[in-house]
Amino acid sequence: MMRSTFSILFFIKKNEPKKNRLCTIMTRITIEGTYLQFSTKTDIFPEQWITNQGRAKGSTTYAKEINRQLDHIRSQQIKRKIQICYPADAEKSLSGSRRRNQTKLSVYRAG
């Protein structure tokens with residue numbers, strides 16, 4: 001059985017700040033070396049972001065809310081990964097042989 005790789009990374013678009021200096025928080029999901037990237041639709045000041053942790057800095061209400069949103073996104077993506085990587089359970093939700101031949105990332109996008 002081939003080992004499946006999966007990771008979730010949160011980062012900010014420092015190179016594209018908005019006029020108010022806020023940067024968009026992005027999500028990158030990597031499955032077997034192929035990635036999918038999307039916005040969390042949340043913004044933060046760069047000095048309030050901990051890059052190596054992919055989290056908001058501090059204990060303010062705003063930082064706690066951002067971290068709660070990121071935790072929610074992470075848990076939702078892990079649930080989707082489990083559905084895809086455990087075919088016996090996922091077979092109930094995936095119908096037809098057409099889907100069996102698709103890559104995990106393409107099934108992930110469709111889910």
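Since the structure is predicted, the reported quantities are computational estimates derived from the model, not experimental observations. Atom set for the values below is all heavy atoms of this structure, side chains included, hydrogens, waters and symmetry mates excluded.
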Arg74 and Ile8 have their tightest heavy-atom pair at NH1-O, 3.5 Å
State the CD-NZ distance between Gln69 and Lys64, to the nearest 0.5 angstrom. 15.0 Å
With Arg68 via salt bridge (Lys or Arg N to Asp or Glu O under 4.0 Å) - residues at least two apart: Glu65
Test side chain to side chain contact (heavy atoms under 4.5 Å, CB included) applied to Thr60 - qualifying residues, sequence neighbours left out: Tyr62, Ala63
Tell me every residue that passes side-chain hydrogen bond (donor to acceptor under 3.5 Å, both in side chains) with Thr27, counting only those two or more places apart in sequence or in another chain. none
Scan Thr61, Thr42, Asp71 and name whichever one has a side chain to side chain contact (heavy atoms under 4.5 Å, CB included) with Ile66. Thr42
With clusters defined by side-chain heavy atoms of hydrophobic residues (ILVMFWY) lying less than 4.5 Å apart, directly or transitively, does Tyr35 cluster with Leu9? no
Testing the basics here: between Ile31 and Phe6, what is the closest heavy-atom pair and its distance to 0.1 Å? CG1-CD1, 3.7 Å
Heavy atoms, side chains only, cut-off 4.5 Å: are Thr40 and Ile73 in contact? yes
Pairing residues for Lys18 by the salt bridge (Lys or Arg N to Asp or Glu O under 4.0 Å) criterion, not counting sequence neighbours: Asp43
Glu16: what forms a side-chain hydrogen bond (donor to acceptor under 3.5 Å, both in side chains) with it, not counting sequence neighbours? Lys13
Side chain proximity check, Ile25 to Leu70, heavy atoms < 4.5 angstrom: yes
In a table with atom names and distances, give each donor-acceptor pair under 3.5 Å that connects a side chain of residues 44-53 to protein atoms at least two apart or in another chain.
from  : atom 1 : to    : atom 2 : distance (Å)
Glu47 : OE1    : Arg21 : NH2    : 2.9
Glu47 : OE2    : Arg21 : NH2    : 2.7

Pairing residues for Asn67 by the side-chain hydrogen bond (donor to acceptor under 3.5 Å, both in side chains) criterion, not counting sequence neighbours: none
Between Leu36 and Phe11, is there shared hydrophobic-cluster membership here, with clusters defined by ILVMFWY side-chain heavy atoms closer than 4.5 Å? no
Tell me every residue that passes side-chain hydrogen bond (donor to acceptor under 3.5 Å, both in side chains) with Gln37, counting only those two or more places apart in sequence or in another chain. Arg28
Worked check of side-chain contact (heavy atoms from CB on, under 4.5 Å) between Ile29 and Phe38: CA-CA 9 Å; Ile29 299 170; Phe38 56 91; 3.6 Å; yes
